[in-house]
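Since the structure comes first, as structure tokens, the remarks are kept for the end.
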Amino acid sequence: MRIDVRVQPESFSLDAEIAHLAQAGHDIGGIGAFLGLVRAEDGLQALTLEHYPGMTESMMTRIVRQAGARFGLLACTVIHRVGRLPVGAPIVLVLCAAPHRAAALDGTAFVIDWLKTRAPFWKRQDYADGRTSWVEARCSDDEATARWTETGLMS
């Protein structure tokens, strides 16, 4: 399986990343995609994302490898941005290529669910009125990942 995991401040091109992933082989029958954006709520102006270099990429790769083993993925690209990102900016991209649609879509959901709960990122919310706050873990994210633990992966 071809794995491309990146943590970077720069933005990315969805079209270019899909085209690059599609070159992983002629066995690819489908590519699942998730693109996360900074969502405006309660006067949010920007998110500032920090990470633990090395540890973050290692955990992201571990998650992708488990998705590959579980769903038979042929290739996976995960790009997570760091730094100050304004409302509407892309934060994360997950692309999973597989021989069949279901595996591509399930692999994509698996990777993003686990990234939300296991990849070490810290997110500070910056509001237009000058307030700041750190984003705390959400129960809904833990509930989303719980559906994948039935087989013991990522436990």
Side-chain angles (χ1 to χ4, degrees), residues 1-25 27-28 30-39 44 46-99 103-126 132-155:
M1 179 173 86
R2 188 172 86 188
I3 296 173
D4 184 2
V5 170
R6 289 177 262 160
V7 177
Q8 62 187 43
E10 301 85 14
S11 191
F12 47 80
S13 163
L14 178 60
D15 289 344
E17 297 300 337
I18 288 174
H20 180 71
L21 188 72
Q23 295 174 357
D27 295 342
I28 294 173
I31 295 175
F34 175 80
L35 174 64
L37 305 173
V38 176
R39 181 182 55 240
L44 184 74
L47 278 180
T48 300
L49 289 93
E50 298 179 1
H51 75 296
Y52 195 118
M55 179 184 287
T56 302
E57 292 87 344
S58 176
M59 178 53 79
M60 292 168 67
T61 301
R62 180 175 172 217
I63 292 166
V64 168
R65 288 188 194 286
Q66 292 203 10
R70 182 170 181 158
F71 301 105
L73 301 179
L74 301 172
C76 183
T77 298
V78 179
I79 303 171
H80 208 299
R81 294 183 65 200
V82 292
R84 191 169 198 275
L85 306 174
V87 167
I91 301 174
V92 62
L93 175 66
V94 176
L95 300 173
C96 292
L105 294 173
D106 287 346
T108 301
F110 178 93
V111 170
I112 193 62
D113 284 347
W114 283 103
L115 284 177
K116 292 282 288 182
T117 58
R118 294 296 190 273
F121 286 98
W122 294 269
K123 301 174 187 171
R124 189 187 70 221
Q125 299 169 312
D126 302 328
T132 63
S133 65
W134 291 96
V135 176
E136 295 187 24
R138 296 181 183 161
C139 291
S140 59
D141 292 334
D142 290 330
E143 291 168 4
T145 57
R147 69 182 165 136
W148 302 111
T149 60
E150 294 170 3
T151 62
L153 289 172
M154 294 300 296
S155 56

Side-chain contact test, heavy atoms from C-beta onward, threshold under 4.5 Å: evaluate it for [X] versus [Y] and give yes or no.
X: R39; Y: L47; answer: no
X: L49; Y: L85; answer: yes
X: L35; Y: V92; answer: no
X: R65; Y: I3; answer: yes
X: L14; Y: L93; answer: yes
X: M60; Y: L115; answer: yes
X: Q125; Y: T132; answer: no

So, for [X] and [Y], which heavy atoms are closest and what is the spacing to 0.1 Å?
X: V87; Y: V38; answer: CA-CG1, 3.6 Å
X: A89; Y: R81; answer: CB-NH1, 4.0 Å
X: A75; Y: A24; answer: CB-CB, 3.6 Å
X: Q8; Y: R6; answer: OE1-CD, 3.6 Å
X: T108; Y: A104; answer: OG1-O, 2.8 Å
X: L73; Y: C96; answer: CD1-SG, 3.8 Å

Among pairs that include at least one residue of residues 61-85, which meet ring pair (Phe, Tyr, Trp, His ring centres under 6.0 Å), considering only residues two or more places apart or in two chains?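 Checked against ring pair (Phe, Tyr, Trp, His ring centres under 6.0 Å) - neighbours excluded - the pairs reaching residues 61-85 are F71-F110, F71-W148, H80-F121.
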State whether a side-chain donor-acceptor pair under 3.5 Å links T77 with E17.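 Result is no, nothing qualifies.
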Run D4 and R2 through salt bridge (charged side-chain N to carboxylate O under 4.0 Å, His left out) and show every step you take. CA-CA 7 Å; D4 184 2; R2 188 172 86 188; over 6 Å; no
Holding to side chain to side chain donor-acceptor pair (under 3.5 Å), I want the full list of residues that pass it with R124, two or more places apart in sequence or in another chain.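 Partners of R124 by the side chain to side chain donor-acceptor pair (under 3.5 Å) criterion, ordered by chain and then number, come out as T48, D126.
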Residues in side chain to side chain donor-acceptor pair (under 3.5 Å) with E57, at least two apart?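 Here no residue qualifies.
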Within this structure, what is the OG-CD1 distance for the pair S58 and I63, rounded to the nearest 0.5 Å?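 Going from the OG atom of S58 to the CD1 atom of I63 covers 9.5 Å.
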Side-chain donor/acceptor of T56 to backbone N/O of P120, under 3.5 Å: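 Yes, the answer is positive, given that a donor and an acceptor are paired below the 3.5 Å cut-off.
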Indicate yes or no: does D113 engage R147 in a salt bridge with an N to O separation below 4.0 Å.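 Here D113 pairs with R147 in a salt bridge, since their nearest N and O are under 4.0 Å apart.
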